[in-house]
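Here the structure is laid out as structure tokens; the discussion comes afterwards.
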Amino acid sequence: MSAPRNVLALIGPRLIATDSLTPILLELKAERPEITVSFLVVDRRWFSVLTANVVLFSALAALGPFRFLSDGTGSRLGKVKAGLRLLRHLALVLARPTILFGYADFGPFPYNWLAACTRWRGGTVVLHAKPPYPFAPDLRAQYESLVADRDVAMRDDGDVFLLFHPEQVVDYAPFTTKPPAVIGTPRIFPRWRDHLDRYQQEQGVTDWDGAPIDIAGRLVFTMSYIGELQSPLNFTVSDARTLARRFLEAVRETVPDALIIIKPHPLADMVMLRQDVTDFKDLDIRVSLLHPQLLARVSVAGVFPHPSTVIDDFFIEGRPAIDILDYPPEATDLTLFPNPAYISASTPERMRAVLAEIAANPDGGPAPDTAHLSHPKVPSLSDVLQSSPAGR
């Protein structure tokens, strides 16, 4: 049977999963220009989060159309419409061999129906990892303790199971024992980096309203913001909002002329963020929804009041990460994200000292080690994805 020429990618609530998938689809389309790509957004309510992340959305929109399964209302009429839309997509995957992409268990409904029809027509069901990088040791141990008393094994882990780095095999051990295909770190795939370059050249750096941010000659820090949203992997004693405000106070006292770009977490309370920015209106603070890699490129360092894979995005782009988490005594901050470019600054005094050091020598910090993050791309993604049930 010839290779599938149709790709259907499921879009769920986890933006990190779509972020990891996008470079894969860009690369696959470059390898095989004849394929058609479309996206099935499982719940329309999630779509606004995706469209707000303009760098990511622009890459996907150039690949193919978006369609929706549920309108998210939960009404009887809405469920009927969702059922009809599901039947339409089942017919589409039955019409010709399809590569079906998803990031979660294909066992539950309606994913099991889509997977069954894909396989029946000779297509391939592909499950891919959500995070683009392996978990750091402390994060992995923390997560394993959270799921230790639960059965989290997947009922259907796809025909092809994609991981991005060999160390992710350990991360996914609680979910599946399927031998993975390690395809490389998506954040360094050539077409994705081309997209970042092109976007930066054509659109520049903009805030959440689309207004340009002038970064010329500025000392720029990008701070991740999650507000009071609690992460299950959060080691902190103080909440992230308090830590973010503490950092801005240190900026006010040490480098008041610096430009602070705030990158909010997709689930952050934007009303709360507006209030926090207003409280520091004497500082030059801009909120941006651009991709973290692009913001890293224009920043002297990233600032993190909560655990985040965005730390590794800054390392990939050659920038240091200032970790301002307030760790309890039992947590060892220096093993959370081990890297020469990791800077611990959990107290106001340390924050001020780090800011002063960077201001005095913006280019003088140690270069990040990316060996534990960056795994080379396989020569051909098309070859990896040809492991369909019909072809075995």
Side-chain angles (χ1 to χ4, degrees), residues 13-16 19 48-56 131 139 205-211 213 215 218-252 255-256 258-315 317 319-327 336-337 343-346 348 351 354-355:
R14 299 296 301 275
L15 188 67
I16 188 174
D19 205 358
S48 60
V49 174
L50 177 59
T51 56
N53 286 266
V54 290
V55 178
L56 187 62
L139 283 178
V205 181
T206 54
D207 66 14
W208 60 356
D209 294 318
I213 301 175
I215 60 172
R218 304 294 302 277
L219 185 69
V220 183
F221 296 89
T222 291
M223 181 172 68
S224 185
Y225 183 92
I226 200 171
E228 294 179 352
L229 185 68
Q230 291 299 310
S231 165
L233 301 180
N234 201 338
F235 290 113
T236 61
V237 171
S238 300
D239 66 82
R241 185 188 187 192
T242 298
L243 295 174
R245 294 176 64 89
R246 187 179 297 169
F247 176 78
L248 294 177
E249 290 168 357
V251 170
R252 174 184 279 159
V255 285
L259 170 62
I260 308 300
I261 299 177
I262 294 181
K263 173 66 172 74
H265 187 279
L267 299 179
D269 185 331
M270 302 303 278
V271 175
M272 181 183 296
L273 174 55
R274 286 183 186 273
Q275 178 60 56
D276 286 346
V277 171
T278 301
D279 290 346
F280 291 90
K281 58 185 177 181
D282 55 310
L283 299 179
D284 191 356
I285 301 175
R286 305 289 292 272
V287 179
S288 178
L289 300 176
L290 296 187
H291 195 276
Q293 280 180 273
L294 196 154
L295 293 176
R297 294 178 177 189
V298 302
S299 303
V300 69
V303 182
F304 299 91
H306 59 93
S308 175
T309 57
V310 177
I311 289 179
D312 293 325
D313 284 335
F314 272 72
F315 290 156
E317 295 300 324
R319 300 295 189 270
I322 304 172
D323 185 350
I324 63 172
L325 272 72
D326 184 11
Y327 293 91
L336 187 58
F337 292 96
I343 302 171
S344 178
S346 59
M351 292 178 195
V354 168
L355 288 170

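Please read all numbers here as calculations on a predicted model, not as lab measurements. Heavy atoms only: backbone and side chains are in, while hydrogens, waters and symmetry mates are out.
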I need the minimum non-hydrogen distance between [X] and [Y], along with the two atoms involved.
{"X": "Leu325", "Y": "Ser346", "answer": "O-CB, 2.9 Å"}
{"X": "Thr51", "Y": "Ser48", "answer": "OG1-O, 3.0 Å"}
{"X": "Pro305", "Y": "Ser224", "answer": "CD-O, 3.2 Å"}

Notebook entry, point to check: With distance as the sole criterion, is a donor-acceptor pair present between the side chains of Thr242 and Asp239 under 3.5 Å?
Noted result: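 Looking only at side-chain atoms, Asp239 and Thr242 do form a donor-acceptor pair, the distance falling under 3.5 Å.
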Evaluate the side-chain proximity of [Y] to [X]: yes if any heavy-atom separation is below 4.5 Å, no if none is.
{"X": "Leu50", "Y": "Leu15", "value": "yes"}
{"X": "Asp279", "Y": "Arg245", "value": "yes"}
{"X": "Tyr225", "Y": "His306", "value": "no"}
{"X": "Ile16", "Y": "Pro131", "value": "yes"}
{"X": "Leu219", "Y": "Leu259", "value": "no"}
{"X": "Val220", "Y": "Val300", "value": "no"}
{"X": "Phe280", "Y": "Val251", "value": "no"}
{"X": "Ser288", "Y": "Leu295", "value": "yes"}

Item checked: Gap between atom CD1 of Ile285 and atom CG of Leu283 - 0.5 Å precision ->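 One gets 5.0 Å once the value is rounded to the nearest 0.5 Å.
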Item checked: Gap between atom CG of Leu273 and atom CD1 of Ile226 - 0.5 Å precision ->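 Here the rounded value is 12.5 Å.
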Can you list everything that forms a salt bridge (Lys or Arg N to Asp or Glu O under 4.0 Å) with [X]? Sequence neighbours excluded, please.
{"X": "Arg218", "answer": "Asp284"}
{"X": "Arg252", "answer": "Asp282"}
{"X": "Arg286", "answer": "Asp207"}

Next item on the list: Taking side chain to side chain contact (heavy atoms under 4.5 Å, CB included) as the test, write out the residues that go with Ala250, two or more places apart.
Entry: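 For Ala250 the side chain to side chain contact (heavy atoms under 4.5 Å, CB included) partners, ignoring immediate neighbours, are Met351, Arg352, Leu355.
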Checklist line | Verdict with supporting geometry, Ile324 and Arg246, side-chain contact (heavy atoms from CB on, under 4.5 Å) | finding: CA-CA 9 Å; Ile324 63 172; Arg246 187 179 297 169; over 6 Å; no
Next item on the list: Please step through side-chain contact (heavy atoms from CB on, under 4.5 Å) for the pair Leu289 and Val54, ending with a clear verdict.
Entry: CA-CA 7 Å; Leu289 300 176; Val54 290; 5.7 Å; no
Note to self: Just to verify, what does Glu249 make a side chain to side chain donor-acceptor pair (under 3.5 Å) with, not counting sequence neighbours?
What the structure shows: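 Residues passing side chain to side chain donor-acceptor pair (under 3.5 Å) with Glu249: none at all.
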Checklist line | Pairs touching residues 287-298 that satisfy salt bridge (Lys or Arg N to Asp or Glu O under 4.0 Å), sequence neighbours left out | finding: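 Sorted result for residues 287-298: Asp197-Arg297, Arg297-Glu317.
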Next item on the list: Give a yes or no on whether the backbone of Ser299 and the side-chain of Arg319 come within a donor-acceptor separation of less than 3.5 Å.
Entry: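 Yes, Arg319 side chain to Ser299 backbone: donor-acceptor pair under 3.5 Å.
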Margin query: Taking Ala211's backbone N and O only, do any of them form a donor-acceptor pair with Asp209's side chain (distance below 3.5 Å, no angle check)?
Written below: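 Flag not set: sc Asp209 to bb Ala211 has no pair under 3.5 Å.
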Note to self: Suppose we screen for ring-ring contact (aromatic ring centres under 6.0 Å, His included). Which residues come up paired with Phe314, at least two apart in sequence or across chains?
What the structure shows: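 So Phe314 forms a ring-ring contact (aromatic ring centres under 6.0 Å, His included) with Phe304.
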Could you list the donor-acceptor pairs under 3.5 angstrom formed by side chains in residues 260-270, with sequence neighbours left out?
{"unit_1": "His265", "atom_1": "ND1", "unit_2": "Leu267", "atom_2": "N", "d": "3.0"}
{"unit_1": "Asp269", "atom_1": "OD1", "unit_2": "Val271", "atom_2": "N", "d": "3.0"}
{"unit_1": "Asp269", "atom_1": "OD1", "unit_2": "Met272", "atom_2": "N", "d": "3.1"}

